[in-house]
Amino acid sequence: MGRIVLDQVSKRFGDVEVIPPLDLTIEDGEFAVFVGPSGCGKSTLLRMIAGLEDLTSGNIEIDGENVTEVPPSKRGLAMVFQSYALYPHMTVRKNIGFPLRMEKMEQAEIDKRVETAAQSLNLVDYLDRKPGQLSGGQRQRVAIGRAIVRDPSAFLFDEPLSNLDAALRVGMRLEISEMHERMRTTMIYVTHDQVEAMTMANKIVVLQAGRIEQVGSPLDLYHKPQNVFVAGFIGSPKMNIFSGPEAEKHGAHTIGIRPEHTDVSMTEGTWEGRVGVAEHLGSDTFIHVHDTGLADMVTVRITGDISVKHGDKIFLTPRADQIHRFDAQGQRIA
Amino acid sequence: MSDRKLPRLLQTPAVLLLLVWMLVPLGMTLYFSFIRYVLNSLRRPEWTTPSLSNWRGFGNYEFVLKSKDFVLAIQNSLFIVCSILFLTVILGILIAVLINKSFPGQGIVRVLLISPFFVMPAVNAVLWINMILDPVLGLQGIAVAGINDLLEGLRQMPVLGGFFSLWPEFEPISFRATQTSAIAVIMMVTWQWTPFAVLIFMTSLQSEDQQQKEAAVLDGAGTWSQFRFLTLPHLGRPIAIVVMIQAIFHLSLYAEIEIVSRGNGNKNLPYLIGEFANNNIGAASATGIFAVILANIVAIFLLRMVGKTLME
Ligand SMILES: Nc1ncnc2c1ncn2[C@@H]1O[C@H](COP(=O)(O)OP(=O)(O)O)[C@@H](O)[C@H]1O
Ligand SMILES: [Mg+2]
């Protein structure tokens, strides 16, 4: 069980309102990802749910019970920190068993649970080492193990992968998704990386300056961004967004078109420009096009390879049904 | 190999200097401890110059071992040092944890806390023994007299007076006596050195990882468990440093003992050395060698103990 409801929750640090009042519901068993640029208040929001940060106003409910005044350890949540926050003087075994020891559980039962957790995380060989003797990925696993043994009603992750190198990050991403599939426990995952958000989430919450810009499934956000911010934030490479006469032609203040929804030709098309840098990934090619008169640079994405040179003339044609239109307030026009 | 030679060569003067610095005094002490060497002797004037022809073997050591104050001096050295270590570490941790929280006037409180460390040991001893511990003129004498006056007043009360007349008169304690002078020394040195411990522990506390604390809070650790399982192990190394440095310093306490009781019933090894050195340099040197051995034993023992208990 782990249905988490935020009701008009807000947070100020002194005079600065970091999180204006917001409402949010995370259903039991959901994998919710808070995503947004650095400093937008994701960690603060997560820490408020965990109880590490007091609310300035509002209420938090877990499984129908108001936990606003309940101390962190009694909320039944487990958290994995960005810096892992392992206890440096304890062995891996003691680290994982620590929450159980604090519950005054019997040693035999602790040993059993630690053993089970260690097996599922491939940590059995490292149980008697100290955190200082482990690699980044292993430390991350220990931190997850310490969360798992408590059998929490929800897991909270604060940028757990940002200290890992790219290859490990992809691996751990899969492992965490796998873990969620297996356990079906509510998870709230904070990241500034929209790729992590898109690949892992059932529900993405896009935050900007403490406000919720949009809540939805990854594909919702991709196909129907509610505003210019979400349109620019979700998707890689970024959506091309421009205002001006071209937007007015489509009856909007601003329009957006994703790089992968633009067709390319060397001879004819709607917009004309000059090739800047072309990035060849093998499977895809990203071409950055200049001098279109629309924006500084328009990015297009082509499946497969194409041979273009710097300075070549190039024509772009947006797919009409994939153009996103926004009004002067930056809101989506249906 | 050849590119190693130059750095080695450049290091040599420093290493040599250090060796000379350490080995010469130690060697001289060893040498003097095996010969008869006194400053003044009308009967045997040949003993007043150090010379191998005055070889005494282990005679000086036997003489020291048999002297009536030696065992007392060793016991006292250990008692004083261990008590001071115990008190300063406990007080240091308590105070450091207390003032590590932010509160108004923090800066001033910290400066005041450190200030005893800048008082000269002899001044410290004079202040304590005369102004604080003196049974008549010191704070102690005044306080005890005050309490006795108060009790006297209470005894005059109509009903409760009977109850208070059962209470005894309080006696001020003399800290210059044989049994108590070591306690006085422990008190004054603890007062002076607690700031040192506080300073070291506070620095260490400020480098404690806050996310670990938060993780522990979520794991259900209360204040005591956080202190026991996170803060104390984190302080393990600073505690070892405080213990080591203080052990070295306090094994050689002298001024305080001289001022409190002139060694009356309260000698430690350095004081004994001082007494022998009034004339018998040979015996003083032998005592010095005993002191070196004792210092090493204490250091090793203390380090083991601190290491074992804190690092889990
Ligand atoms: N303890 C604090 N005191 C004052 N300001 C804070 C504190 N914690 C966070 N902030 C501010 O709140 C904002 C949001 O921070 P945070 O939640 O850490 O952002 P994110 O995790 O999205 O990068 C930032 O502008 C940060 O400076
Ligand atoms: Mg953050």
Side-chain angles (χ1 to χ4, degrees), chain A residues 43 46-53 70-91 93-105 110 128 130-132 139 142-160 163, chain B residues 89-90 92-94 96-97 100-104 106 197 200-244 302-312:
Chain A
S43 297
L46 193 73
R47 291 164 54 82
M48 283 155 74
I49 296 173
L52 295 172
E53 211 73 77
V70 175
S73 60
K74 298 277 181 328
R75 295 188 183 192
L77 308 174
M79 185 153 167
V80 177
F81 293 84
Q82 178 174 356
S83 67
Y84 318 130
L86 301 180
Y87 310 130
H89 305 280
M90 299 181 202
T91 58
R93 187 188 303 280
K94 290 233 166 101
N95 260 285
I96 298 180
F98 189 73
L100 305 179
R101 186 169 170 191
M102 289 298 109
E103 280 174 23
K104 307 227 156 38
M105 190 179 278
I110 295 181
D128 293 312
K130 298 254 174 88
R139 286 183 209 180
V142 176
I144 293 176
R146 194 171 63 185
I148 289 179
V149 284
R150 295 181 54 193
D151 204 2
S153 58
F155 289 95
L156 312 178
F157 295 91
D158 191 357
E159 311 222 13
N163 286 350
Chain B
V89 167
I90 302 261
I93 291 176
L94 283 180
V97 167
N100 193 39
K101 310 220 155 43
S102 54
F103 57 91
Q106 199 173 26
I200 302 243
F201 296 155
M202 214 167 62
T203 326
S204 173
L205 284 180
Q206 277 165 3
S207 70
E208 213 185 351
D209 184 308
Q210 289 311 306
Q211 280 203 340
Q212 279 171 27
K213 285 254 163 106
E214 292 181 344
V217 167
L218 278 168
D219 282 347
T223 316
W224 168 249
S225 295
Q226 284 174 48
F227 176 76
R228 170 68 191 85
F229 295 110
L230 294 182
T231 307
L232 214 48
H234 179 76
L235 287 177
R237 198 154 300 176
I239 289 177
I241 291 171
V242 166
V243 164
M244 270 318 290
L302 285 177
L303 272 192
R304 285 271 163 80
M305 205 171 72
V306 170
K308 278 245 174 60
T309 47
L310 292 180
M311 306 301 187
E312 273 214 318

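Quick note on labels: first sequence line is chain A, next is B, and so on, each numbered from 1.
Atoms CG and CD, from A:Leu52 and B:Gln210 in turn, are 11.5 Å apart once rounded to the nearest 0.5 Å. Atom CG of residue A:Asp158 and atom CD of residue B:Gln211 lie 7.0 Å apart, to the nearest 0.5 angstrom. With values rounded to the nearest 0.5 angstrom, A:Met102 atom CE is found 9.5 Å from B:Gln226 atom CD.
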Take B:Leu218 and A:Phe81, measure what side-chain contact (heavy atoms from CB on, under 4.5 Å) needs, and give me the verdict at the end.
-> CA-CA 11 Å; B:Leu218 278 168; A:Phe81 293 84; 4.1 Å; yes

Steps toward ring-ring contact (aromatic ring centres under 6.0 Å, His included) verdict (A:Phe98, B:Phe229) | CA-CA 10 Å; A:Phe98 189 73; B:Phe229 295 110; 5.7 Å; yes

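Contacts of A:Arg47 with chain B are made by side-chain atoms alone, with heavy-atom separations under 4.5 Å and no backbone atom involved. Heavy atoms closer than 4.5 Å to chain B are found in the backbone of A:Leu86, but not in its side chain.
Within the 4.5 Å cutoff, no side-chain heavy atoms of A:Met90 are placed close to those of B:Pro233. Under the 4.5 Å side-chain criterion, counting only non-hydrogen atoms from C-beta, A:Arg150 is in contact with B:Asp219.
Put simply, of B:Gly222, B:Ala216, B:Ser225, the one with the most heavy-atom pairs under 4.5 Å next to chain A is B:Ala216.
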